[in-house]
Visitor: 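Attaching a single structure in structure tokens format; questions to follow.
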Amino acid sequence: MRKSRLALCVLTACITALGAVGCGGADTTSPDPAASLLTLNTTEPENPLVPGDTTDAGGSKILRTLFKGLVDYDPRTAAPRNAVAESIETTDSRVFTVTLKHGWTFHDGTPVTAHSFVDAWNYTAYAPNQQQGAGFLSVIEGFDAVNAPDPSGTPVANSGSPAARTMSGLRVLDDHRFTITLAAPLPSFVNRLGYLAYAPLPKQFFTDRAGYLAHPIGNGPFEFVSHATGSSLTIQRDDDYAGQHKPAIERAEFRFNKTLEAAYADVVANRLDFLEVLPGDALVGGRYKQDLAGRHFTRAGTGLQSITFPLYDPRFADPRVRQAISMSIDRQHVIDTVFTGDRIPAPGLVPSTVRGATEGQCGALCEHRPQQARELFDSTGFQGPIEIASNVDSANEKWLTAVCSSITAALGRECRFQPVSTLGEFRRQINAHQMRTIYRTGWVADYPSIENFLNPLYRTGGSSNTGRYSNPQVDALLARADATANEQESWSLYQQAERLVLQDMPAIPLVVPGVQTGWSERLRNVTVTPFRDLDLETVTIA
């Protein structure tokens with residue numbers, strides 16, 4: 001049974017106070033709770049904190065502190081390494097035998113077992129549960145039986161019943177061993193296993209769903225404390241955490257600032273401890289280097305900013321419309337004027353920092369060719385203004401307004417920015433397929449592979465294919481690439497698929513952001529991961 005952290009803290013405080021004043025006991029000063037609290041900024045989670053139903057940036061960032069999968073990723077290189085798994089063995093890249101480490105528990109004290117993973121994955125994959133991360137499990141044998149797509153490629157949800165409730169490719173051997181059989185060999189499969197859709201779930205999730213949703217239970221280095229909707233979410237260190245890297249900090253609070261500019265001002269003034277991305281105003285003239293002297297960091301990013309078309313809206317059905325808009329955008333001018341050069345134009349759908357990426361995939365379609373763009377656009381007969389929507393709680397308005405100005409100048413057609421107040425509301429509209437405008441999309445690698453930038457986003461029925469793009473040739477190439485025995489040999493097939501998608505232009509790649517972060521004077525041992533997270537397992541407070 002766990003000891004109360006409060007009782008332990010009170011006892012420690014009393015011993016410290018008595019040690020300071022001898023036996024008199026006259027000094028009743030209590031330690032400042034804020035001194036042990038690390039604060040950082042993110043966006044409010046779109047959904048309740050269920051790993052298989054979370055694909056938004058804010059929710060994912062929080063869940064990565066609450067859960068630990070079979071593997072995690074080195075905070076400096078993103079290389080996968082065993083976490084809950086003792087070993088993951090295969091001889092053919094199709095059948096994997098997983099052995100779990102002993103001693104792992106969830107935050108309620110119940111053990112992490114083979115069933116914790118298998119039951120969670122089956123729940124996520126089962127179509128009627130409508131989990132956003134289901135598509136990440138599609139490589140497992142039997143996925144189609146639990147998540148069969150209809151003829152349009154959309155997975156079955158409330159309409160119809162899948163043929164099975166569990167995937168045939170998952171088999172529990174005992175409490176600490178299970179096997180995974182894939183539909184086809186996939187040498188890069190282990191790379192995926194640190195992603196949230198592959199996290200385990202405790203028994204309470206299945207027996208008391210309401211209780212879990214009110215107080216999520218994970219197996220990671222931190223446990224859930226409270227969530228003040230619209231304001232913040234607090235976590236605290238799990239002192240029984242079985243992982244190798246045990247955090248030094250006691251508590252952390254994720255704050256949902258209304259604007260990135262306000263969060264930046266708080267970091268400069270030491271009212272906020274960490275900000276994962278700096279607003280455009282702070283980049284002008286390198287202002288942040290003076291504001292945050294000695295407490296900022298820049299690295300090459302593993303993400304991409306783009307704008308996506310709702311292809312279920314017939315106005316955007318003509319690929320020439322999409323190609324023309326892409327060529328109308330002066331990406332370098334946007335970068336120079338808004339980001340003062342601290343970004344690079346996107347060369348394709350996959351950043352060059354990702355394994356398997358290659359340069360120049362987009363070619364002329366991503367170059368600024370205003371005359372060609374206007375001629376092509378005018379030939380389509382497109383009616384009405386062009387609108388681009390985005391949330392405004394993570395500093396997107398200025399740079400997308402600059403994108404709109406570029407479009408207007410090139411095409412002679414008004415382009416307007418449409419603000420949405422929060423990322424959560426924006427994502428709800430996108431996932432409900434309610435968008436009637438072009439909309440901003442961003443993607444940061446879930447795991448370090450070119451495949452991660454293609455399958456979820458552009459395969460028919462992909463888990464994050466929110467624009468409902470579909471091309472059978474792309475699907476076939478991706479399937480062949482997935483099944484290629486040698487990972488490096490698969491890259492050329494993924495690259496071919498990428499070029500086909502770019503010709504269709506269901507989304508326009510715009511910029512590859514660097515990772516520019518800032519922190520307060522209190523923090524020490526700051527490591528920013530390739531996924532833009534502050535590594536809470538190693539950071540300390542002065």
Visitor: Please say whether more than 12 non-hydrogen atoms of neighbouring residues, nucleotides or ligands are located less than 6.0 Å from CD in Gln434.
Guide: yes

Visitor: Which atoms form the tightest heavy-atom contact between Ala389 and Thr437, and what is the distance?
Guide: CB-OG1, 3.5 Å

Visitor: Apply the ring-ring contact (aromatic ring centres under 6.0 Å, His included) test between Phe189 and each candidate in Tyr447, Phe96, Phe136; give the one that qualifies.
Guide: Phe96

Visitor: If you measure from CG on Asn396 to CG on Leu260, what distance do you get to the nearest 0.5 Å?
Guide: 8.5 Å

Visitor: Where do Asp281 and Lys398 land on the salt bridge (charged side-chain N to carboxylate O under 4.0 Å, His left out) test, with the steps shown first?
Guide: CA-CA 9 Å; Asp281 286 353; Lys398 288 184 179 179; 2.5 Å; yes

Visitor: With a 4.5 Å heavy-atom cut-off, do Glu359 and Ser352 have their side chains touching?
Guide: yes

Visitor: Hey, what's the ring geometry for Phe382 with Phe377, parallel, tilted or perpendicular (30° and 60° as the breaks)?
Guide: tilted

Visitor: Got a salt bridge between Lys258 and Asp393, using NZ or NE/NH1/NH2 to carboxylate O under 4.0 Å?
Guide: no

Visitor: Taking the ring of Phe531 and the ring of Tyr73, is the distance between their centroids below 6.0 Å?
Guide: yes

Visitor: Once rounded to the nearest 0.5 Å, what's the spacing between atom CG of Asp535 and atom OG1 of Thr529?
Guide: 7.5 Å

Visitor: Kindly state each residue pair satisfying salt bridge (charged side-chain N to carboxylate O under 4.0 Å, His left out) with at least one member in residues 124-134, sequence neighbours excluded.
Guide: none

Visitor: Assess the residue pair Leu454 and Glu498 against the criterion (side chain to side chain contact (heavy atoms under 4.5 Å, CB included)); give the C-alpha distance rounded to whole Å, side-chain angles, the decisive distance to 0.1 Å, and a yes or no.
Guide: CA-CA 7 Å; Leu454 298 174; Glu498 180 187 5; 4.1 Å; yes

Visitor: Return yes when atom CZ of Arg165 has more than 12 non-hydrogen atoms of other residues, nucleotides or ligands closer than 6.0 Å, and no otherwise.
Guide: no

Visitor: With salt bridge (charged side-chain N to carboxylate O under 4.0 Å, His left out) as the test, would you mind laying out the steps for Arg331 and Glu367 before giving the verdict?
Guide: CA-CA 8 Å; Arg331 293 160 175 79; Glu367 295 175 2; over 6 Å; no

Visitor: Mind checking what makes ring pair (Phe, Tyr, Trp, His ring centres under 6.0 Å) contact with His333, not counting sequence neighbours?
Guide: none

Visitor: Under the side chain to side chain contact (heavy atoms under 4.5 Å, CB included) rule, what do Val267 and Leu292 come out as? Steps first, then yes or no, please.
Guide: CA-CA 8 Å; Val267 170; Leu292 300 172; 3.8 Å; yes

Visitor: Classify the angle between the aromatic ring planes of Trp399 and Phe339 as parallel (below 30°), tilted (30 to 60°) or perpendicular (above 60°).
Guide: tilted

Visitor: How long is the gap from CG on Leu423 to OG1 on Thr43, to the nearest 0.5 Å?
Guide: 4.5 Å

Visitor: To the nearest 0.5 angstrom, please state how far the CG atom of Leu400 sits from the CG atom of Leu510.
Guide: 7.5 Å

Visitor: Which pairs of donor and acceptor atoms, one on a side chain in residues 472-485, lie under 3.5 Å apart (sequence neighbours left out)?
Guide:
from: Asp475; atom 1: OD1; to: Thr460; atom 2: N; distance (Å): 3.1
from: Asp475; atom 1: OD1; to: Thr460; atom 2: OG1; distance (Å): 3.4
from: Asp475; atom 1: OD2; to: Thr460; atom 2: OG1; distance (Å): 2.5
from: Asp482; atom 1: OD1; to: Asn455; atom 2: ND2; distance (Å): 3.0
from: Asp482; atom 1: OD1; to: Tyr494; atom 2: OH; distance (Å): 2.5
from: Asp482; atom 1: OD2; to: Asn455; atom 2: ND2; distance (Å): 3.2
from: Asp482; atom 1: OD2; to: Arg459; atom 2: NH1; distance (Å): 2.7
from: Thr484; atom 1: OG1; to: Arg480; atom 2: O; distance (Å): 2.8

Visitor: Do Leu182 and Glu141 have side-chain heavy atoms sitting under 4.5 Å apart?
Guide: no

Visitor: Kindly compute the distance separating CZ (Arg416) from CD1 (Ile386), expressed to the nearest 0.5 Å.
Guide: 10.5 Å

Visitor: So, Arg64 and Asp72, do they make that salt bridge, N to O below 4.0 Å?
Guide: no

Visitor: Taking atom types as modelled, find out whether Ser306 and Thr441 have a side-chain donor-acceptor pair closer than 3.5 angstrom.
Guide: yes

Visitor: Under a 4.0 Å threshold between the charged nitrogen and the carboxylate oxygen, would Arg320 count as salt-bridged to Asp318?
Guide: yes

Visitor: One thing to verify: whether Asp313 and Arg315 come together as a salt bridge, which I'm taking to mean a side-chain N less than 4.0 angstrom from a carboxylate O.
Guide: yes

Visitor: Just verifying a value: how many Å separate Gln323 CD and Met327 CE, rounded to the nearest 0.5 Å?
Guide: 6.5 Å

Visitor: Is there side-chain contact between Asn471 and Val501, with heavy atoms separated by less than 4.5 Å?
Guide: no

Visitor: When you look at Thr90 and Asp92, which way does the side chain to side chain donor-acceptor pair (under 3.5 Å) test go after all the steps?
Guide: CA-CA 6 Å; Thr90 184; Asp92 59 2; 3.3 Å; yes

Visitor: Does the side chain of Phe426 reach to within under 4.5 Å of the side chain of Tyr439, using non-hydrogen atoms?
Guide: yes

Visitor: Does anything in residues 40-57 form a salt bridge (charged side-chain N to carboxylate O under 4.0 Å, His left out)? List the pairs, not counting sequence neighbours.
Guide: Glu46-Arg427

Visitor: Cation over ring, Arg192 on Tyr195, under 6.0 Å and within 45°?
Guide: no

Visitor: Side chain to side chain donor-acceptor pair (under 3.5 Å) with Thr39: which residues, sequence neighbours excluded?
Guide: Asp273

Visitor: May I have the step-by-step check of side chain to side chain contact (heavy atoms under 4.5 Å, CB included) for Phe297 and Thr527, ending in yes or no?
Guide: CA-CA 9 Å; Phe297 174 77; Thr527 298; over 6 Å; no

Visitor: Can you check side chain to side chain contact (heavy atoms under 4.5 Å, CB included) on Asn41 and Glu276, steps first, answer last?
Guide: CA-CA 7 Å; Asn41 175 257; Glu276 69 170 71; 5.8 Å; no

Visitor: Any ion pair linking Glu387 and Arg436 (charged N to carboxylate O, less than 4.0 Å)?
Guide: no

Visitor: Can you pull out every salt bridge (charged side-chain N to carboxylate O under 4.0 Å, His left out) where at least one residue sits in residues 120-129? Sequence neighbours excluded, please.
Guide: none

